[in-house]
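Contents: one structure, followed by commentary.
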Amino acid sequence: MQESRLFKILYYLLDKGSATAAELAERFEVSVRTIYRDIDALSSAGIPVYTEAGRNGGIHLLNDSILDKTIISEPEKQEILSALQGLSVMSNEYKKDTFEKLSALFQVSSVNWLEVDFSRWGIPSQDNQKFETIKTAILHNRCLKIFYANSSGKADERVVQPLKLFYKSEDWYLKAYCRFKQDFRLFKLNRILKWELLEEPFEPMIFPEVTDNGQQIYDQVTLRFPKEIAYRVYDEFDVTQIKSEKNGTFTVTANMTVDDWLIGYLLSFGTQIEIMKPMHLKKRISAKAKEIYEKHKT
């Protein structure tokens, strides 16, 4: 316990520059007398710590005496702290104490620049727990049992070997080997309805690179949106794909695969979208809209 407290006192002094014995005693919940014994122990270990009496006195470290020999540059220190902070908000394994200790050790102040919450707006969910469970399975090479809803809405049970979490175009995916399909698959995290961490281990594999290989067919799609939904246009399309017209409307041109997913996505804009081209996409949207109308008309 004393050894842990000695390190904490050292980190605190590195961060603050100096402190009073009373301040340290209150922070570490020991007596002032114990703090002075700890300072003596640090000094005996070769740490250049000293006490100064008087109104502005206290316990100090000699300036720059510890880190002069470090081989880590200032930009590298910032990169390490930023990376650690990014890990800390996405995992409970990287505690705040670790970040504070390194920040003090490097004598670098790092801005709290990132916050991550995987739960969806407006509703309580288990998304954070799901992320943590999947992360544990990946780090410890343990199989996962998941109940997954595919793109057609059918849900079934799978046992997968999770390899990597993957973020692409506003969504999180799991790269894994699927025992049922006997192949590598991408699973969208929001479609994993249930999950269970299994005890069964597996040998990690490399997920193959995803390429088009000439099989993916793209159409140049041109869409027009009214100014009232500018927020969504800028949310969902890259600025290089957007052209602002003089009348306030927006024209979006993008290469897209015309499939069932795209039809459903474009229909989500309701009447606030006009498909300019290609013509076969206009026809498919019209046919699907008519099908929806026929199904719901009274």
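Between the side chains of S31 and T34, at least one donor N or O lies within less than 3.5 Å of an accepting N or O. Judged purely by distance below 3.5 Å, without hydrogens or angles, the side chains of T257 and D259 never pair a donor atom with an acceptor atom. In summary, the side chains of E245 and T251 do present a donor paired with an acceptor at a separation below 3.5 Å, with no hydrogens or angles considered. No hydrogens or angles considered: a donor-acceptor pair under 3.5 Å links the side chains of S268 and R232.
Qualifying side-chain hydrogen bond (donor to acceptor under 3.5 Å, both in side chains) partners for N255, counting only residues two or more places apart in sequence or in other chains: none.
With rounding to the nearest 0.5 Å, the separation of CD1 in I35 from CD in E26 is 11.0 Å. Summarising the geometry, atom CD1 belonging to I273 is positioned 11.5 Å from atom CZ belonging to R224; distances are rounded to the nearest 0.5 Å.
Residue pairs meeting the ring pair (Phe, Tyr, Trp, His ring centres under 6.0 Å) criterion with at least one member in residues 180-199, sequence neighbours excluded: Y148-F187, Y177-F184, F184-F207. Pairs engaging residues 267-298 under the ring pair (Phe, Tyr, Trp, His ring centres under 6.0 Å) rule: F225-F269, Y265-F269 [sequence neighbours left out].
Other residues, nucleotides and ligands place no more than 12 heavy atoms under 6.0 Å from the NZ atom of K164.
Side-chain contact between L24 and V32 is absent, with no heavy-atom pair separated by less than 4.5 Å.
Put simply, M205 and F166 are part of the same group of oily side chains (I, L, V, M, F, W, Y) that touch within less than 4.5 Å, one to the next. Note on L223 and Y231: same hydrophobic cluster, where clusters join Ile, Leu, Val, Met, Phe, Trp and Tyr whose side-chain heavy atoms are under 4.5 Å apart, directly or indirectly. There is a path of hydrophobic side-chain contacts, each under 4.5 Å, that joins I292 to I285.
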